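The structure under discussion appears below in the form of structure tokens.
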Number of protein chains: 2
Amino acid sequence: MKRSTKTEESAAPATAPELDAKDREILRHLQEHARISVTEIAARVHLSPTPVHERIRRLEESGVIRQYATLLDAQKLDQGLMVICYVSLKQHDKKAGLKFIQAINGLNEVVECYSISGEFDFMLKVRAKDMAGFYDFHVNRLSQVENLGHVQSVFVMGVIKDTHKIIF
Amino acid sequence: MKRSTKTEESAAPATAPELDAKDREILRHLQEHARISVTEIAARVHLSPTPVHERIRRLEESGVIRQYATLLDAQKLDQGLMVICYVSLKQHDKKAGLKFIQAINGLNEVVECYSISGEFDFMLKVRAKDMAGFYDFHVNRLSQVENLGHVQSVFVMGVIKDTHKIIF
DNA sequence: ACTGAAAGACACAGACT
DNA sequence: AGTCTGTGTCTTTCAGT
């Protein structure tokens with residue numbers, strides 16, 4: 001194995017990133033085309049492959065690059081339903097919160113989870129095949145989570161924009 | 001340029017995917033490690049590189065593979081604030097909706113946008129540097145959008161889980 | 001659909017500027 | 001921190017099965 005694998009590697013050390021203009025250019029290319037070659041990135045940023053290679057290595061190590069991911073079409077994989085679930089907990093102490101976080105990490109249907117301001121404690125982005133699949137998740141998996149208070153669901157009817165692109 | 005670039009290529013034709021077990025295995029590897037070599041995927045799925053290469057090409061063409069992306073750390077790029085904005089429109093006719101969608105696509109701070117059920121019409125995921133950055137976006141960019149009714153914002157205080165992983 | 005071979009491109013490391 | 005050079009590996013194509 002020679003080419004970079006990334007992910008599941010060591011946790012990102014908090015070493016100061018200190019990104020210069022070239023680093024940012026490289027990141028902008030990689031952000032949208034993770035599989036292009038170092039040689040091509042080098043050509044686009046007007047550098048030779050060697051320093052680009054070294055810069056990418058540093059960006060991976062410092063954790064600026066989190067993961068090289070392939071984004072798939074959920075519809076074509078029969079996982080076309082997306083639901084936003086708002087969840088409140090019964091108890092809000094630290095221990096109860098950690099247990100909830102653990103439980104959420106065990107639910108594969110939950111692709112994102114955020115701690116939020118407002119009436120509810122958490123927001124979950126859930127993927128399912130269809131309404132029946134979501135119902136099954138709701139009743140048999142989410143509702144089984146300990147310390148769960150209220151759940152309120154908002155259904156996604158259409159995707160207007162779905163990007164991961166960070167502007168910087 | 002020889003290696004696959006993906007993205008911005010032709011729109012996905014609606015040709016039936018018809019994925020077999022090997023295709024799904026390949027997708028599962030690519031989903032989390034977009035930069036691993038075809039050779040290594042081949043080894044992991046017990047096939048030679050040639051058919052794996054051809055399968056990946058078909059998956060790209062059919063649109064099952066949407067994009068090869070590099071996921072970056074928003075905090076380290078000084079874009080650590082995430083806000084969920086709920087938006088309702090004043091007018092709901094088709095033309096007004098299309099204009100809104102166009103406007104949203106022009107706002108780089110909006111990384112995701114969904115048409116949703118419930119009280120509001122759309123949900124936006126917005127990224128900004130900090131509160132001042134978000135305020136600037138809210139007042140000078142979002143609020144300038146034509147036909148905008150109410151906006152309600154929920155602030156993300158912590159990221160519990162942030163994945164793109166579709167289970168299939 | 002897969003195997004095997006073969007050419008060119010690439011990753012990666014080393015010495016040098 | 002960059003360029004240049006070399007080696008081994010990989011991608012990609014094309015033959016055959």
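Protein chains get the first letters and strands the later ones, always in sequence-line order, with residue 1 at the start of each. Everything numeric here is computed off the predicted structure, so don't read it as measured data. What's counted below: heavy atoms across the whole structure, side chains too, no hydrogens, waters or symmetry copies.
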Quickly work out the [X] [atom1] to [N] [atom2] distance and round it to whole Å.
X     : N      : atom1 : atom2 : answer
A/H46 : D/dA1  : NE2   : C1'   : 18 Å
B/K22 : C/dC2  : NZ    : C1'   : 12 Å
A/R55 : C/dA11 : CZ    : P     : 17 Å
A/D23 : D/dA1  : CG    : P     : 10 Å
A/H53 : D/dA1  : NE2   : C1'   : 16 Å
B/L47 : D/dT11 : CG    : P     : 14 Å
B/I26 : C/dC2  : CD1   : P     : 8 Å
A/E54 : D/dC4  : CD    : P     : 18 Å

### Task
Considering just the side-chain nitrogens and oxygens of B/S48, establish if one lies under 4.0 Å of OP1 or OP2 belonging to C/dT3.
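It does, given that an N or O in the side chain of B/S48 lies less than 4.0 Å from OP1 or OP2 of C/dT3.
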### Message
Strictly below 4.0 Å: does B/T39 bring a side-chain N or O up to OP1 or OP2 of D/dT9?
### Response
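For D/dT9, neither OP1 nor OP2 has a side-chain N or O of B/T39 closer than 4.0 Å.
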### Task
Indicate, with yes or no, if A/I116 and B/L124 share a hydrophobic cluster defined by side-chain heavy-atom contacts under 4.5 Å among Ile, Leu, Val, Met, Phe, Trp and Tyr.
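In one cluster: no.
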[X], nearest nucleotide to its side chain (from [options]):
X     : options               : result
B/P51 : D/dT11, C/dG14, C/dC2 : C/dC2
A/R58 : D/dT11, D/dA1, C/dA11 : D/dA1
A/T50 : D/dT3, C/dA5, C/dA11  : D/dT3

### Query
Below 4.0 angstrom, N of the basic side chain to O of the carboxylate: do A/K129 and A/D78 qualify?
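Result for this pair is yes, salt bridge flagged.
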### Message
Between B/K90 and B/E146 (salt bridge meaning N to carboxylate O under 4.0 Å), is one present in this structure?
### Response
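Looking at B/E146 together with B/K90, the answer is no, because their closest N to O distance does not fall below 4.0 Å.
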### Query
Do A/R127 and A/F137 meet the cation-pi criteria used here (NZ or CZ under 6.0 Å from the six-membered ring centre, within 45° of the axis)?
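Not satisfied by the 6.0 Å and 45° rule.
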